[in-house]
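Each remark here refers to the structure printed beneath this line.
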Amino acid sequence: MKLWFHDLPARLTDGMADFAKEYGFSQEKGGLEITLRKTDEKILEVTRKGNEAQILYAQPVGIFRGVSLLLQHEKEENYHSRETVYFKTNGVMIDGSQRNQLITVSATKWLLRMMAAMGLNMLMLYTEDNYDIEGEPYFGYMRPRYSQADYKAIDDYAYSLGIEVIPCMQTLAHMPDMLRWNAYADIRDDQWTMLVGEEKTYRLIEKMLAASSAPFRTKRIHIGMDEAWNMGLGQYLEKNGYRSKHEIMAEHMPRVMEIVRKLGLQPMMWADMFFRTVLPNSLYRTMDEIRFPQDIIDSVPPEMGLIYWDYRGDSELIAKMIKDHKRLSDQVIFAGCVRNNRSFCYNHHVSTKHNHTAYMTCKQEGVEEMITTIWGDNAPENTVFNTLLGLQYCAEHGYRAEVEEKDWFDRFHFCCHAEAEEFIRLSQLDFIEGANPHPSTQDNANPSHYLLWQDPLMGLFDANLPEKVDLKAYYQELGEYFEAAAKKNAWHRIMYTQLEKAAKALALKAELGRDIRAAYLAGEKETLKALAENRIPDTIRAVRELRSAHYDLWMAQCKPAGWEIIDLHYGGLLGRLETAIRRIQDYLNGKFESLPELEETRLPYNGREGLVTITDPYPQLVSASRL
């Protein structure tokens, strides 16, 4: 399709050129003539009559959403849509630190083009120690990290698409990867938290804030400050004696703000620490009345944006908590979540349900800025791109009072080059209908994670396997579905191939430990022999194919550092599968009279029956012993 733009802002020229390549149009006369008009109204209005069109936009990114709507409806010579722009900011935060995975500059550009088509106008890069600081060789040492040139390239590209990039870092806690090094022993309160009150701490924080902000056009910056669970209980306690978290925060905040103001930055932070200082047991969310002492209210800097994060779907609680946050600041930002941080897949059911509640409530409560987080804790085995359907849903909420499924799916098909049904099926690696005796716990269950990695001879989750679902048949069918999706979808082929291999590996591995133990206890030596000679070698081959597909996906989208952690997971699993063959053969050959590890009673994991939600780190999935 030929498009010609009138009054395209100069800053968007390069972005529109790449947008044209992404969505298959050329910029030349002789086709659709599009006039662009800026408006002070909070609207995006797109009108086409024959070969002429107009896009009336409130935000620069609206031009790209408007063009995507015209392209999506290119067969309609008379087309009109008028959407309300509900949020000043509606964007995405990607965690590159806890997942040990930074998407490359080129992959980020692809994401930005799709975000522009959706109409999302902000990208936040969460980096704890994943960026370069001159003169600090151990900061981010051997970790996946962005250079200053990387940051600038991302910011320049986003700017050309009407998207703001906001750096997101930490200035208190959440810093275990930096604080492990003795180079930072002097500023270590504990393994997680920096030492408040130490001058070296603030010299480093100034370097961190400068390095995080310098490459970006925006003056806005996210300074973190969440989850400082043991603040003041490590080296701080030895130096200063016991002081409450509130007193320590009151000491730390002015020092950080002095640096923020010196650098001319506009800060925002997670708000939970203000609540944890006044609520019992360090709670954050509560329906009870909260009484903030005046000194806590006064301790919130007037220019500080407070981010209320909530990844659950309780509208009454969200509305109440928004009001509580507004008592501390008139700049309240909401952060929800598209969940993919616990396994191989995106959790469609939870992401949609919770974000529907969050967006509807925030519209009602007048919240103007929204962040959709993609967290990476628990080192998930997936890609941030499997969240695209969830991101599209959040984008549509930014322009519609209610999101209808057909409109959402049609927009996703155009913006993200995929069928919604294919992305919904991603969730089925974990969301196994009828597999859980307690449906209320089904939403967040992540069996693809622990059933793959658990030990084949000492399976900590064998007692949690479903009785009414044949996992081998279930995962095999799912693998064939992803194989077919990969063949027909070139845009996401590499992701579907990894999921195909994951499902097929799970078809062989999920019930393997239970089958080995059942044959052993029943004295069925022929069955054990067949398992050692056929099933386990087949599983090894399937895991190797999965590892290869996963490697291809990672290296196509991410910086190489960080892959070593995933490689170790695969190596450990392959080693234990080989040991399982040897243990069974030694037993069958009479070398050992028994296999004691198979005689241990299998208990439900932590006393929870059925498919469970595991947030425990990898070492606790593979063994009851310390790793």
Classify the ring geometry between Trp408 and Tyr393 as parallel (under 30°), tilted (30 to 60°) or perpendicular (over 60°). tilted
Intermediate values then yes/no, salt bridge (Lys or Arg N to Asp or Glu O under 4.0 Å), Arg535 and Glu511: CA-CA 11 Å; Arg535 171 86 169 276; Glu511 299 174 321; 5.3 Å; no
Donor-acceptor pair, distance only, cut-off 3.5 Å: does the side chain of Asn341 make one with the backbone of Gly376? no
Phe385/Trp110 aromatic ring centres below 6.0 Å: yes
Using modelled atom types and a 3.5 Å cut-off, is there a donor and acceptor pairing between side-chain atoms of Thr127 and backbone atoms of Asp129? no
Side-chain (Thr613) to main-chain (Asn444) donor-acceptor, under 3.5 angstrom: yes
Determine whether Asp95 and Ile374 make a side-chain contact, defined as any pair of heavy atoms from C-beta on separated by less than 4.5 Å. no
With a 3.5 Å cut-off and no angle check, do the side chains of Tyr520 and Glu599 form a donor-acceptor pair? yes
Measure the acute angle between the ring planes of Phe64 and Phe19, then classify it against the limits of 30° and 60° as parallel, tilted or perpendicular. perpendicular
Please name the residue in the list Thr104, Asn130, Asp150 that meets the side-chain hydrogen bond (donor to acceptor under 3.5 Å, both in side chains) test with Lys559. Asp150
Check this for me: Arg582, atom CZ, are more than 12 non-hydrogen atoms of other residues, nucleotides or ligands nearer than 6.0 Å? no
More than 12 heavy atoms of other groups within 6.0 Å of Phe409 CZ: yes
Please check: side-chain N/O of Arg99 versus main-chain N/O of Asp377, any donor-acceptor pairing under 3.5 Å? no
Say whether, by atom type as modelled, one donor and one acceptor occur between the side chain of Ser623 and the main chain of Pro619 under 3.5 angstrom. no
Do Trp192 side-chain atoms and Glu227 backbone N/O form a donor-acceptor pair below 3.5 Å? yes
Between Arg342 and Asp430, does the salt bridge (Lys or Arg N to Asp or Glu O under 4.0 Å) criterion hold? Intermediate values first, please. CA-CA 10 Å; Arg342 291 172 178 163; Asp430 286 333; over 6 Å; no
Step through the shown structure and confirm whether more than 12 heavy atoms of other residues, nucleotides or ligands are within 6.0 Å of NZ on Lys363. yes
So, Ser315 side chain and Thr361 main chain: donor-acceptor pair closer than 3.5 Å or not? no
So, using side chain to side chain donor-acceptor pair (under 3.5 Å) as the criterion, who are the partners of Asn355 when residues are at least two apart? none
Test side chain to side chain contact (heavy atoms under 4.5 Å, CB included) applied to His492 and Asn386, Leu499, Thr497, Leu388, the passing residue: Leu388
When you measure from the side chain of Asn340 to the backbone of Thr383, do you find a donor-acceptor pair of N or O atoms at a distance under 3.5 Å? yes
Determine whether the side chains of Arg339 and Thr387 contain a donor N or O and an acceptor N or O closer than 3.5 Å. no
Examine the side chains of Asn464 and Arg602 and answer whether a donor and an acceptor come within less than 3.5 Å of each other. no
Indicate whether any N or O donor in one side chain lies under 3.5 Å from an N or O acceptor in the other, for Trp563 and Gln101. no
Classify the side-chain pair Glu402/His397 by whether it contains a donor and acceptor separated by less than 3.5 Å. no
Atom CD of Glu467 with >12 non-hydrogen neighbours under 6.0 angstrom: no
Kindly write out the residues that satisfy ring-ring contact (aromatic ring centres under 6.0 Å, His included) with Phe87, not counting sequence neighbours, or none if the list is empty. Tyr359
Side chains of Tyr605 and Asp616, donor plus acceptor under 3.5 Å: yes
Could you check whether Asp552 and Gln498, counting side-chain N and O atoms only, form a donor-acceptor pair closer than 3.5 Å? no
Would you tell me whether His222 and Tyr126 have side-chain atoms, one donor and one acceptor, within less than 3.5 Å of each other? no
Distance from Thr539 atom OG1 to Arg541 atom CZ, nearest 0.5 Å? 9.0 Å
Do Gln170 and Asp226 get their side chains close enough for a donor-acceptor pair, meaning under 3.5 Å? yes
Under the salt bridge (Lys or Arg N to Asp or Glu O under 4.0 Å) criterion, do Asp462 and Arg517 qualify, and how do the steps go? CA-CA 10 Å; Asp462 283 347; Arg517 184 169 181 269; over 6 Å; no
Taking the basic N atoms (NZ, or NE/NH1/NH2) and the acidic carboxylate oxygens, is any pair closer than 4.0 Å for Lys488 and Glu422? yes
Are Lys501 and Tyr496 in a cation-pi setup, meaning NZ or CZ lies under 6.0 angstrom from the ring centre and within 45 degrees of the ring axis? no
Answer with yes or no whether the side chains of Trp375 and Tyr311 bring together a donor and an acceptor at under 3.5 Å. yes
Are Glu381 and Trp453 linked by a side-chain donor-acceptor pair shorter than 3.5 Å? yes
Between Tyr157 and Asp18, does any side-chain donor sit less than 3.5 Å from a side-chain acceptor? yes
Let me see the working for Leu546 and Phe344 under side-chain contact (heavy atoms from CB on, under 4.5 Å), right down to the final yes or no. CA-CA 11 Å; Leu546 168 58; Phe344 280 87; 4.2 Å; yes
Drop me the distance from Thr373's OG1 to Ile94's CD1, to the nearest 0.5 angstrom. 11.0 Å
Using the ring-ring contact (aromatic ring centres under 6.0 Å, His included) criterion, which residues pair with His73? Sequence neighbours excluded. Tyr79
Whether over 12 other heavy atoms sit under 6.0 Å from Arg608 CZ: yes
Mind checking whether Asp314 and Arg312 have side chains closer than 4.5 Å, heavy atoms only? no
Please check if the side chain of Arg65 supplies one atom and the backbone of Met118 the other of a donor-acceptor pair under 3.5 Å. yes
CD/Glu600: more than 12 non-hydrogen atoms of other groups inside 6.0 Å: no
Start with the C-alpha gap between Lys504 and Glu483, add the side-chain angles, then the distance that decides, and say whether salt bridge (Lys or Arg N to Asp or Glu O under 4.0 Å) holds. CA-CA 10 Å; Lys504 290 181 177 179; Glu483 183 178 16; 3.0 Å; yes
More than 12 non-hydrogen atoms from neighbouring residues, nucleotides or ligands closer than 6.0 Å to CE on Met458, yes or no? no
Assess the pair Phe423 and His348: is the distance between their ring centroids shorter than 6.0 Å? no
Tyr587 versus Glu593, side-chain donor and acceptor atoms under 3.5 Å: no
Any side-chain heavy-atom pair from Ile432 and Val469 closer than 4.5 angstrom? yes
Measure from the ring center of Tyr146 to the ring center of Tyr131 and say whether it is less than 6.0 Å. no
For the residue pair Gln72 and Arg411, confirm or rule out a side-chain donor-acceptor distance under 3.5 Å. yes
Any donor-acceptor pair under 3.5 Å from Tyr23 side chain to Cys415 backbone: yes
Face-on cation placement of Arg425 at Phe482 ring, 6.0 Å and 45° thresholds: no
Tightest non-hydrogen contact, residues Ala580 and Ile536, listed as CB-CD1, 4.1 Å
